[in-house]
Amino acid sequence: MLTDLRSSKTLNNGIKMPWFGLGVFKVKDGSQVEKASKWAIEASYRSIDTAAVYGNEKGVGSGVRDSGISREEIFVTTKLWNGDQRSGRVEEAFQDSLDRLGLGYVDLYLIHWPVEGHYKASWRILETIYETGRAKAIGVSNFMIHHLQDLLQNANIVPAVNQIEFHPYLQQPDLVAYCQEHNIQLEAWSPLMKGQVLKVPELKQLAKQYGKNPIQITLRWLLQREIIVIPKSTKKKRIQDNAKVFDFELTAADMALIDGLDRAKRVGPDPDNFSF
Ligand code: NDP
C-alpha cells in the first residue's frame, strides 16, 4: 500500500524497502550531504541512496546518526565501485563503506555496474557478505537482461533489486518484464531525468490538471508502476515538495499517456558500453 513515505516494498528476501528515498549522487560530503539527509529525514523520508564513488558515505552516516530517528527505521543503500571489482577488493571495499557510514550494517549493497569479466566473482563475495548479516539485502545496478541471465546461472541468491536508469523517456519494457518475472525489484535512478521532466509538455499538462508539478507527476507514475524512486535534491524545499506524491492518484488513462512517452532515450551511460 502506498500511503506515505514509510510505505515499503517487501523484497524477495523478506526485507522491507521504502518505495521513496533520497538520492545523493553529486552531493558533497560534509555539511551539504549531512543537511540534505537531515532535511529528508525530517520530511519523513526513510531511505537514502549513496555509493562509494559518490564520496559522501561519511556524511550520509552522520546525517542518519544525528537525525534522532533510530537506525532500524532508516534504509541505507550503498554500492560497490567498478575499480574495486577489477582489483578484486570486494570484501575490503564493502568494509570501507561500512566504516565510512558508521551505521553497523548496510540495508542494501549493490554492484554499481556490470563490469565484464568481474561481476559474477563480485556477486559471490556479496553473497558471503549477505550471509554475515552486514548487508540486509544485496542487489545489482545497471544490469541488462543478458547480465542477469549470466549472473543467475551460478548465483545462490537472486538479486533483491536492480537499480536502473528509468524515467518517462527510458522505460526498458523487456528488462522490466524480466525483473518482474524473477522477483527482482526495480528501482529508478535519474527518475527526474536530472530535472528535465520539468520541460516535458505532456507532464506539464498533467501537472496543471492535478494541481501538482511535473516532478510529482513523474514520481507518482513510477510508484504506480511499482518502481522504487530515489530523486535527488540538495534543496530543503525541493526535498519536501518532491515527496508530496501520496495525496493523489493518476488515472489509468494518464498512466497510459506517460507510458506512451518512452523514446529509449538515456540521460546517463549505457550499461553495454561504458568505460569507467
Ligand atoms: P534526478 O533525476 O533525481 O534529478 C536530480 C536533478 O533534479 C538535480 O539537478 C536536482 O537539482 C534537480 N531537482 C530535484 N528536485 C527538483 C525540483 N523540485 N525542482 C527542480 N529541480 C529539481 O537525478 P540523479 O541522477 O541524481 O538520480 C537520482 C539518484 O539515483 C542519484 O542521486 C543516485 O542516488 C542514483 N543514481 C544511481 C546511478 C547508478 O548508476 N546506479 C546513476 C545515477 C544516479 P538540485 O539538487 O539543485 O535540487
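Everything numeric in this text was worked out from a predicted model, so none of it was measured. Read the numbers this way: they start at 1 and go in the same order the structure lists the ligands and their atoms.
In this structure a side-chain-to-backbone donor-acceptor pair under 3.5 Å is present from Ser7 to Met1.
The immediate protein surroundings of ligand 1, defined as residues with any heavy atom under 4.0 Å of it, consist of Gly23, Val24, Phe25, Asp49, Tyr54, Lys79, His112, Trp113, Ser141, Asn142, Gln163, Trp189, Ser190, Pro191, Leu192, Met193, Lys194, Gly195, Leu198, Ile215, Ile230, Pro231, Lys232, Ser233, Thr234, Lys235, Arg238, Asn242.
Evaluation of the side chain to side chain contact (heavy atoms under 4.5 Å, CB included) rule for Lys232 yields Val27, Thr234 as partners, not counting sequence neighbours. Partners of Asp84 under the salt bridge (Lys or Arg N to Asp or Glu O under 4.0 Å) rule, at least two apart in sequence or in another chain, are Arg89. Listed by chain and residue number, Asn12 satisfy the side chain to side chain contact (heavy atoms under 4.5 Å, CB included) test with Asn183 (two or more places apart in sequence, or in another chain).
Ring planes of Tyr54 and Phe25: tilted class, angle from 30 to 60°.
Partner Thr78 forms a side chain to side chain contact (heavy atoms under 4.5 Å, CB included) with one of Val53, Leu108, Thr50 and no other, that one being Thr50.
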